[in-house]
Amino acid sequence: MSTTLDRLVALVRRIIGAPDYAAYLAHVRARHPERVPVSEQEFVAERLNARYERPGARCC
Amino acid sequence: MPRWLSALIWAVVSLVGAAAFGYLGLRRGETISAAWLLTAAVCTYAVAYRFYSKIVAAKIFALDATRATPAERLADGRDYVPTNKWIVFGHHFAAISGPGPLVGPTLAAQFGFLPGALWIIVGVALGGAVQDFVILAASVRRDGKSLGTMAKEEIGPIAGYTALVAVMGIMIILISVLALVVVNALRDSAWATVTVGLTIPIAMFMGVYLRFLRPGAVLETSAIGLVMLAISLYAGQWAAAHPTLGPLFTLDARTLAWAVMVYGFAASVIPVWLLLAPRDYLSAFVKIGVVVALAVGILLVLPPLQMPAVTQFIDGSGPVFAGKLFPFVFITIACGAISGFHALIASGTTPKLLENEADARMVGYGGMLTESLVAVMALIAACVLTPGVYFAINAPAGIIGTTAESAAQVIAQWGFVLRPEELTALAASVEESSLLSRTGGAPSLAVGMASIFASVLGGDTAMALWYHFALMFEALFILTTVDAGTRVGRFMLQDLGKHLWEPFGRVSWYPAVVASSAIVVAMWGYFLYQGVTDPLGGINSLWPLFGISNQLLATIALCVGTTIIIKMGKVRWVYVTVIPMVWLVIVTTTASLTKIFAADPRVGFLSHAQWVRDLLAAGELPPGVRDVIGAQRLILNDQVNALVAAFFLTAVAVILADSIRVWWRVLSGRAPMATAEAPYVATARAGA
């Protein structure tokens, strides 16, 4: 039951474009096990800043 | 499914769509149900998706599910993340849909429902959806490169830089005209001002909550925010009725314009987690919620369209904005039919998310069809109003005067019926002092939406709540474009400015941040202020400029697409991008030349300036202008607007000329028929 809810939450978060730290961690662990991942706070800050720097983020 | 059954189904869909179109076009006299319009739209979308988008998918790009996408090859857990197509679709749709497809069709309803509907439906199938899909597919094949980079690599540096400067210009005009729409919706309305104003502290509370109390709990925070939004709706009603708060928040257009400028500046300099990000989350939920609610409401009510199919204003004498059906219906409705801005998103976040390049068809073409449906629904909501009410809300005071009686008189001369008490009663039912001349489209759309919602839920007593809910939704939409747009504009300006003076480009050096933000706000603030002080209402001059700029960007995108198709050796299929490109070149060129040089002072910028000059020379002032300085400012505004239109015209010419040069070189064998496409790599994705 909780897994369905978790999946729904993850789905909605990705649609609205919320930073996805879990996906980032999974990526680093799978592809770059030697690297130390950045903290969640750093990751979120970096993602949010990146989102509002490009014209591709917003439309009329 | 057997072949014959599929053929039969598609034949039926096509016939039903054609029949709906025929009925829409031929029926005269009585009102017609919105169901016909919806049927025509949905059948066209289905056929276009099934058959026309297949040309792009199969013949041009030969989209290949076994080819690894940038999301897979360049996966970094940040920008490049392989994502399921439904999520990408939702994300892409949330990114492309803004206030544009709501406001444009509402304004274009002055021509009647038919011209706008035809352009939205045909334009999206042959133009807008093609553009979004082609750019998305091209970007997916190029590691998710941006439109500007693709223009530079495929056409050349001249086209690339022109595109860059054009995007900056478009941002400025876009922000100013949308800010004007919000100001017109909030002016003299304490309820709307308080409700929309409260969304700012709500977003900031969410930002703090998300950062310090519950990091990462985006959905929980958004749920709290949505509850607070609902409370703010009632708070606005309460404040408007309050003896001291009511008058305090009943603001005129100038004050509101300054407030929006301060807001845009603040949003650009404060950290994004505090305001922009939480607002965006809220806006995404409200956006999807309202679009679904509007669709359900329209389907349940199937309201009759009160507006005639075609009005006499196709001759150019329209009160909402001046100008003939051609080219202005194609300029007024940009988003919903074709919107150049989408090319920035289709070459921004979306191509970096697709896990399978074949999904580009559903996301790119399908996403734009969905936005087009939103535009059709906005058109329906605007046409639910009787023409009398529609024109009373949307025509500026300079034309219909400032009382319900004068408005009724003018509107009667146009052949529409408006009883003054009908308008007063409508204003009272939405608890506004007046609905006269609330130009910009948002209020009339809000009245239309409120009447649809109220007939499903709540009845007449709920009209006022629904009206302010719809206004809040539109304002929330628009303000997220104003704030994020200002910030993006600031980054673009810093990027351009660093070539002149390096420290200006430092994005975390406060003096540079403040200076660049102030410059961006000053640029759009100038046009906004010009709009609120314009006796003709501002929308008349600024919305066409916005439309021209958006169609210019679409022209650039289609030039890039055409170049890529030619270089891929698919010249046989090049008509897919050439048809909308040629059409937009004709439309933008005619519209810019008309806006600059038309002899009618309501249409042409230069003739309007001359008209003011002549009045001044005769010792008179234009109606609605208080002093000579104000009149001189009108002349300056006209000159600036004419320059802006000339700039967009030049940009179209430059990019088209540069593209034609490249096409000729490639087709005559002087340049190699090769594109900058990334080489094929087989996917490791399971199931492919």
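Heavy atoms only: backbone and side chains are in, while hydrogens, waters and symmetry mates are out. So that the names make sense, note that chain A is the first sequence line, chain B the second, and so on, each numbered from 1.
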Colleague: Any idea which of B:Leu178, B:Thr350, B:Asp79 has the most non-hydrogen atom pairs under 4.5 angstrom with chain A?
Modeller: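 That would be B:Asp79.
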Colleague: Tell me, side chain or backbone of B:Phe546 under 4.5 Å from chain A's heavy atoms, or both, or neither?
Modeller: side chain
Colleague: How far does CD1 of B:Ile87 sit from CD1 of A:Ile16, to the nearest 0.5 angstrom?
Modeller: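 Going from the CD1 atom of B:Ile87 to the CD1 atom of A:Ile16 covers 12.0 Å.
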Colleague: Which pair of heavy atoms, one from B:Glu72 and one from A:Arg31, lies closest together, and at what distance?
Modeller: O-NH2, 3.3 Å
Colleague: If I measure from the heavy atoms of chain A, does B:Pro278 come under 4.5 Å with its side chain, its backbone, both, or neither?
Modeller: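 Interface part for B:Pro278: neither.
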Colleague: Let me confirm one number: the CG-CG distance from B:Leu274 to A:Leu48, rounded to the nearest 0.5 Å.
Modeller: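 The CG atom of B:Leu274 sits 11.5 Å away from the CG atom of A:Leu48.
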Colleague: What are the two closest non-hydrogen atoms of A:Arg13 and B:Leu219, and how far apart are they?
Modeller: CG-CG, 4.0 Å
Colleague: Should the heavy atoms of other residues, nucleotides or ligands under 6.0 Å from CD of B:Glu220 be counted, would the total exceed 12?
Modeller: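 Enclosed: over 12 neighbouring heavy atoms sit under 6.0 Å from CD of B:Glu220.
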Colleague: Considering only heavy atoms, which portion of A:Arg47 lies under 4.5 Å from any heavy atom of chain B: side chain, backbone, both, or neither?
Modeller: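 Only the side chain of A:Arg47 comes within 4.5 Å of chain B.
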Colleague: Do B:Asp280 and A:Tyr52 pair up side chain to side chain, a donor and an acceptor below 3.5 Å, judged on atom types alone?
Modeller: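 Looking only at side-chain atoms, A:Tyr52 and B:Asp280 do form a donor-acceptor pair, the distance falling under 3.5 Å.
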Colleague: What's the shortest heavy-atom distance between B:Tyr281 and A:Ala18, and which atoms?
Modeller: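 Taking B:Tyr281 first and A:Ala18 second, the nearest heavy atoms are OH-CA, 3.7 Å.
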Colleague: Is any side-chain N of the basic residue among B:Arg487 and A:Glu53 closer than 4.0 Å to the acidic one's carboxylate O?
Modeller: no
Colleague: Hey, which residues of residues 22-29 of chain A are touching chain B, say heavy atoms under 4.5 Å apart?
Modeller: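 Listed by number: A:Tyr24, A:His27.
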Colleague: Please report the interatomic distance CZ(B:Phe285) to CD1(A:Ile15), rounded to the nearest 0.5 Å.
Modeller: 9.0 Å
Colleague: Among B:Pro215, B:Gly104, B:Gly216, which has the most heavy-atom pairs under 4.5 Å with chain A?
Modeller: B:Gly216
Colleague: Report which part of B:Ser347 has an atom under 4.5 Å of a heavy atom belonging to chain A: side chain, backbone, both, or neither.
Modeller: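 Neither the backbone nor the side chain of B:Ser347 comes within 4.5 Å of chain A.
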Colleague: Looking at CZ of A:Arg14 and CG of B:Asn84, how far apart are the two atoms once the value is rounded to the nearest 0.5 Å?
Modeller: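 Answer for the CZ-CG pair, A:Arg14 versus B:Asn84, is 8.0 Å.
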Colleague: Under 4.5 Å heavy-atom distance to chain B, tell me which part of A:Val44 shows up: side chain, backbone, both or neither.
Modeller: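 For A:Val44, neither part sits under 4.5 Å from chain B.
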Colleague: Between A:Tyr21 and chain B, which part of the residue has a heavy atom less than 4.5 Å away: side chain, backbone, both or neither?
Modeller: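 Contact with chain B: none, neither part.
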